[in-house]
Amino acid sequence: MIPAVRGTRDILPGETERWAFVEGTARRLFEQYGYFEIRTPIIEREELFAKGTGETTDIVQKEMYSFIDKGGERITLRPEATPSLVRAFVEHALEQSMAVPKLYTLGPMFRYERPQKGRYRQFHQLDVEVFGVKDPSVDGEVIDLAWALVRALGIEHVELAINSVGCPECRPAFTRALVEALGRDVEKLCGDCRRRAETNPLRIFDCKVPADQPIIDRLPHTVDYLCDACRVHFDAVRADLDVYGIPYHVSHRLVRGLDYYTRTTFEVLAGHLGAQNAVLGGGRYDGLVRQLGGPDRVGIGFAAGIERLVLALPAELPVAPPVPDAFVAALGDQARREALALLRDLRRAGLNAQFDYEGRTLKSQMKRADRLGAPLVLILGEDELARGQVTVKRMATSTQEPVPRHEAVALVARERAARRAAATR
RNA sequence: GUGGAUGUAGCUCAGGCUGGUAGAGCGCCGGACUGUGGCUCCGGAAGUCGCGGGUUCAAAUCCCGUCAUCCACCCCA
């Protein structure tokens, strides 16, 4: 046997129904909020992520699946969607053709990490981005959409954390204050933090090493160093969240691991997911479009992990595998031919009809019908054939009756309509 | 990349310490019911004991290596 590649997995029947529920719910919601679907390639030029996601991030430094193709091009399997959408936005001048460039996409992402529950090397994200809107009300809408998604999926025990990481105007002053406040304590921090103090001091807040915590707790907060514009923006976002009635808390340690974020950042965390408890995260990236060679346009968005959303789904969520409207059972070669014709007629009429290919005993055909959950079994044997009838057995009540062959399809259709009506009541 | 736990039938797991060549439940197939499911009873098929090497007369069991999964770190969705 040749097993699946480490960190990848098959999503099997029984699970795919939950995936379809998550994806379907998300699509409906995104479109309700005015987003349009876009699909971008899974492979991109390596430099898109080096410049976009950021050279100092762990993603770029050690987690990318990169290779050189036969033409000598440096190619990367996308580790996240945002840079690709920014590229597409710029490449196709989407701001010209769309009233408001509000885009969503979904699909596989790739990161070379040590696999764990809720963390795979090929994983899947739902992703939403809005371009060109500076007004803080779009931040509120995007966060509302994120929250609405989690709510629509019925996921419990979630919390929303938000923060503002400032902009190029106020970031330098904050970074200076941070390094100053750190002072000689830098020496006492873990290796990662000492490195971060040099490359990206903001990310020290991500540290979870217990010994570092007392020092980090004493550090200044981004929100206390925002410039006037960022301050006003953040206050407006918070006011909007109050209007929407979305509960949240400000986490001054929410700085996120991607370099491009400015101003608003947010995350949705779910309990009972173990260590990989971030189901959704995002924020504003006002310099990214320009950074990637586009016009000076702002942006904001979020990504949600489909695996994690599926994991966080309520256990009792009803999943409905496709159920046949009828099962056709045949006895003998003559009847078998007529059974195929009946199967054809049922299917031409748009009904879900199943059959036992191997022509086994009636008993085993009944058993199969039962396993498939068919409410009706249409039995065709020599007797029925001679009389131009089929025997219709209702599985739920174990009752059966002869029906003229030419009325069988209409009967199955009527029964299905009645079941549907009962189900929606 | 670091630390720990675990890999035995399709699934969930026993056996492993105290080596003697593999078991249960569920599922699957068949029979009791010569043309009728779900319950019951009876029978059957199915396993390179993750993989490779070593020790031994003999290894699922002991030793080494390796791969995978899970948990935590890390990172993030």
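Protein chains get the first letters and strands the later ones, always in sequence-line order, with residue 1 at the start of each.
B:U18 is unpaired under the Watson-Crick or G-U wobble criterion, no partner having all donor-acceptor distances under 3.5 Å. Base pairing analysis places B:U56 opposite nothing; no Watson-Crick or G-U wobble pair with both distances below 3.5 Å involves it. Checking B:G30 for Watson-Crick or G-U wobble geometry (two distances, each under 3.5 Å) identifies B:C42 as its partner. Searching all strands for a Watson-Crick or G-U wobble partner of B:G23 with both distances below 3.5 Å returns B:C13. The pairing partner recorded for B:G35 is none, the criterion being a Watson-Crick or G-U wobble arrangement whose two distances lie under 3.5 angstrom. Using the Watson-Crick or G-U wobble rule with both distances under 3.5 Å, B:G1 pairs with B:C73. A 3.5 Å limit on both hydrogen-bonding distances identifies B:G50 as the Watson-Crick or G-U partner of B:U66.
The distance between atom NZ of A:K367 and atom P of B:U40, rounded to the nearest whole Å, is 11 Å. B:G30 atom P lies 11 Å from atom CD of A:Q365, rounded to whole Å. We find that CZ of A:R9 is positioned 12 Å from C1' of B:U69, with the value rounded to whole Å. Rounding to whole angstrom units, CG of residue A:D58 and P of B:C74 are separated by 11 Å. Straight-line distance from the NZ atom of A:K363 to the P atom of B:G30: 9 Å, rounded to whole Å. The distance from atom CD of A:Q116 to atom C1' of B:C76 is 11 Å, rounded to the nearest whole Å. What separates CD1 of A:I59 from P of B:A77 is a distance of 6 Å, to the nearest Å. What separates CZ of A:F123 from P of B:C76 is a distance of 11 Å, to the nearest Å.
At the heavy-atom level, A:Q61 lies nowhere under 4.0 Å from the strands shown. Residue contacts shown for A:I379 include a base, since a base heavy atom lies under 4.0 Å away. Residue A:G14 is classed as having no contact, given no heavy-atom separation below 4.0 Å to the nucleic acid. Across all strands, A:A303 comes closer than 4.0 Å only to sugar-phosphate atoms, never to a base (heavy-atom distances). Within the 4.0 angstrom heavy-atom criterion, base atoms lie near A:D383.
Rounded to whole Å, the P atom of B:U21 lies 14 Å from the corresponding atom of B:U61. If you take atom C1' in B:U55 and the same atom in B:C76, they sit 46 Å apart, rounded to whole Å. As rounded to the nearest Å, B:U56 and B:U12 have C1' atoms that lie 34 Å from one another. B:G53 and B:A59 are spaced 13 Å apart, taking the C1' atom of each and rounding to whole Å. Taking the C1' atom of each, B:C57 and B:C64 are spaced 22 Å apart, rounded to whole Å. Annotation: B:C70 and B:G27 have their P atoms spaced 27 Å apart (nearest Å). A gap of 13 Å separates the C1' atoms of B:U48 and B:A9, to the nearest Å. Comparing the P positions of B:A24 and B:G15 gives a spacing of 15 Å, expressed to the nearest Å.
Comparing atom distances between the A:D370 side chain and each of B:G38, B:U2, B:C70 picks out B:G38 as nearest. Distance from the side chain of A:R360 is smallest for B:G30 among the nucleotides B:A77, B:G35, B:G30. The A:K117 side chain lies nearest to B:C70 when the options are B:G30, B:A77, B:C70. Closest to the A:L331 side chain, of the nucleotides B:G35, B:G4, B:C29, is B:G35. Relative to the side chain of A:S364, the nucleotides B:C33, B:G30, B:A77 differ in distance, and B:G30 lies closest.
At a cut-off of 3.5 angstrom, counting only N and O atoms as typed in the model, there is a donor on one side and an acceptor on the other between the side-chain of A:Q400 and the base of B:U36. Interface remark: the A:E113 side chain does not form any donor-acceptor pair with the B:G1 base, using a distance-only criterion of under 3.5 Å. Interface remark: the A:R6 side chain does not form any donor-acceptor pair with the B:U69 base, using a distance-only criterion of under 3.5 Å. Put simply, the side chain of A:K393 and the base of B:U36 share a donor and an acceptor less than 3.5 Å apart.
Atom CZ of A:R419 has more than 12 neighbouring heavy atoms from other residues, nucleotides or ligands inside a 6.0 Å radius. The environment of A:Y65 atom OH is dense: over 12 non-hydrogen atoms of other residues, nucleotides or ligands sit within 6.0 angstrom. More than 12 heavy-atom neighbours from other residues, nucleotides or ligands sit within 6.0 angstrom of CZ on A:R347.
A heavy-atom distance below 4.5 Å is found between the side chains of A:R368 and A:R360. By the 4.5 Å heavy-atom criterion applied to side chains, A:R6 and A:R114 are counted as neighbours.
The main-chain N or O of A:P79 is found under 3.5 Å from a side-chain atom of A:R111 such that the two form a donor-acceptor pair.
The side-chain tip of A:R121 points at the ring of A:Y112 from less than 6.0 angstrom away and within 45° of straight on.
Between A:R371 and B:C28 there is a side-chain polar atom (N or O) within less than 4.0 angstrom of OP1 or OP2. Of the side-chain N and O atoms in A:R119, none sit less than 4.0 angstrom from OP1 or OP2 of B:C70.
Both A:G118 and A:E382 sit near RNA chain B, but only A:E382 has its closest nucleotide nearer the 5' end. In this structure, A:M395 and A:E307 both approach RNA chain B, and ranking their closest nucleotides by distance from the 5' end singles out A:M395.
No side-chain N or O of A:E141 forms a donor-acceptor pair with one of A:Y244 less than 3.5 Å apart.
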Test side chain to side chain contact (heavy atoms under 4.5 Å, CB included) applied to A:T53 and A:E80, step by step: CA-CA 8 Å; A:T53 308; A:E80 60 149 342; 2.7 Å; yes
